[in-house]
Protein chains: 2
Amino acid sequence: MEGSSLENHKIDVEKNFKKYEKIADKLKAIAHPYRLCIVKGLIDGECNVTTIQECLNLPQSTVSQHISKLKSAGIIEGRRSGLEICYRVVDNDIIDVVKLLLND
Amino acid sequence: MEGSSLENHKIDVEKNFKKYEKIADKLKAIAHPYRLCIVKGLIDGECNVTTIQECLNLPQSTVSQHISKLKSAGIIEGRRSGLEICYRVVDNDIIDVVKLLLND
DNA sequence: TAAAAGTATTATTATATCTTAATATTACAA
DNA sequence: TTGTAATATTAAGATATAATAATACTTTTA
């Protein structure tokens, strides 16, 4: 019984390693308390960097760096509206993951 | 409309920062392609380190280090059975997250 | 167009993570 | 009790991530 299952797993590993890398990258993007907080905030109601910065009480450049990582990972997108840029979470898997982990 | 929502978020942030840290630590534990692969393998059918090592084609100490991190994070537990140690995933949230992310 | 607000980028330092060889531990068998 | 298989630990170098001050960019308004 174990032989078949392990064989399947082995094939699965080889075939899907790129997939694991992609998902790991996404997870890495939210595996930080500030970024998790930012994502949660954006899920609850999109807002701009200044607002997030005030919430977290961090230097502007720190927040911007975290925003940048989330953007690079494809988790959030921003649209400019005048001086401000409004971000929102565009990765539905990540929305599900964050809701799953925070709603206990 | 925005004032109240943002106030709530601010309070939420302060109140739940420890929670964000804990969850971020869990996510960090699985935010690595090898460890994701190990967790997925253990979800599909628990097995020992040697088997995992053969699947991933990595040095034994590398696998053992990753196993160790998952164990420290409370994601897996092992029980010895003779020479082998069988690990299994004991964190149900993580099981849900991994299934969610890999079953697309 | 000059100033100011909102945001991004760069550069730097500190800290953490990753990989792996070498070594140690644990349990079983001869 | 020695040898061996399975796993863990240690140590070290390489790489990546984190925080933040300083600076630059972009858009609006005066």
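Just so we're on the same page: letters track the sequence lines, and every chain starts at 1. Only this structure's heavy atoms are used, side chains among them; waters, hydrogens and symmetry mates stay out.
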- First and last nucleotide of DNA chain C touching chain A, 5' to 3', heavy-atom cut-off 4.0 Å? C:dA5 to C:dA11

- Note on the structure: Output for pair (B:I76 CD1, B:S68 OG), nearest 0.5 Å, gives 8.5 Å

- For the residue pair B:Y20 and B:F17, does the interplanar ring angle fall in the parallel (under 30°), tilted (30 to 60°) or perpendicular (over 60°) class? perpendicular

- Item | Spacing between A:L36 atom CG and D:dA18 atom P, to the nearest angstrom | 13 Å

- Query: Atom OH in A:Y87, atom CG in A:N48: separation rounded to 0.5 Å?
  - Reply: 9.5 Å

- Message: What is the separation between atom CD on B:E21 and atom C1' on D:dA18, rounded to the nearest whole Å?
- Response: 14 Å

- Message: Once rounded to the nearest 0.5 Å, what's the spacing between atom CD1 of A:I30 and atom CG of A:L70?
- Response: 9.0 Å

- Spatial distance of atom NZ (B:K69) from atom CD1 (B:I75) [nearest 0.5 Å]: 12.0 Å

- Writing each nucleotide of DNA chain D 5' to 3' as (, ), [, ], | or . by Watson-Crick or G-U pairing under 3.5 Å yields ||||||||||||||||||||||||||||||

- Item | A:Q65 CD to D:dA16 C1', straight-line distance once rounded to whole Å | 14 Å

- Would you check, one step at a time, whether the test side chain to side chain contact (heavy atoms under 4.5 Å, CB included) holds for B:I85 with B:V49? CA-CA 7 Å; B:I85 297 175; B:V49 176; 5.6 Å; no

- Have a look at B:E54 and tell me which of B:L58, B:T50, B:N57 forms a side-chain contact (heavy atoms from CB on, under 4.5 Å) with it. B:T50

- Item | Option among B:K22, B:K71, B:K26 that satisfies the salt bridge (Lys or Arg N to Asp or Glu O under 4.0 Å) test with B:D91 | B:K26

- salt_bridge(B:K99, B:D96) N-O dist < 4.0 Å: no

- Query: Just how far, in rounded Å, is P of D:dA19 from CD1 of A:I38?
  - Reply: 10 Å

- Message: In terms of relative ring orientation, are B:H32 and B:H66 parallel, tilted or perpendicular, with 30° and 60° separating the classes?
- Response: tilted

- With nearest nucleotides of DNA chain D determined for A:Q60 and A:L83 from heavy-atom distances, which residue corresponds to the more 5′ nucleotide? A:Q60

- Item | Which atom of A:V89 lies closest to which atom of A:V39, heavy atoms considered | CG2-O, 3.9 Å

- Item | Proximal nucleotide (of D:dT27, D:dA6, D:dA22) relative to the B:E84 side chain | D:dA6

- Query: Contacts to DNA chain C from residues 66-82 of chain B, heavy-atom cutoff under 4.0 Å, which residues?
  - Reply: B:H66, B:K69, B:R80, B:G82

- Pick base, sugar-phosphate or nothing for A:T50, based on heavy-atom distances below 4.0 Å to the nucleic acid. sugar-phosphate

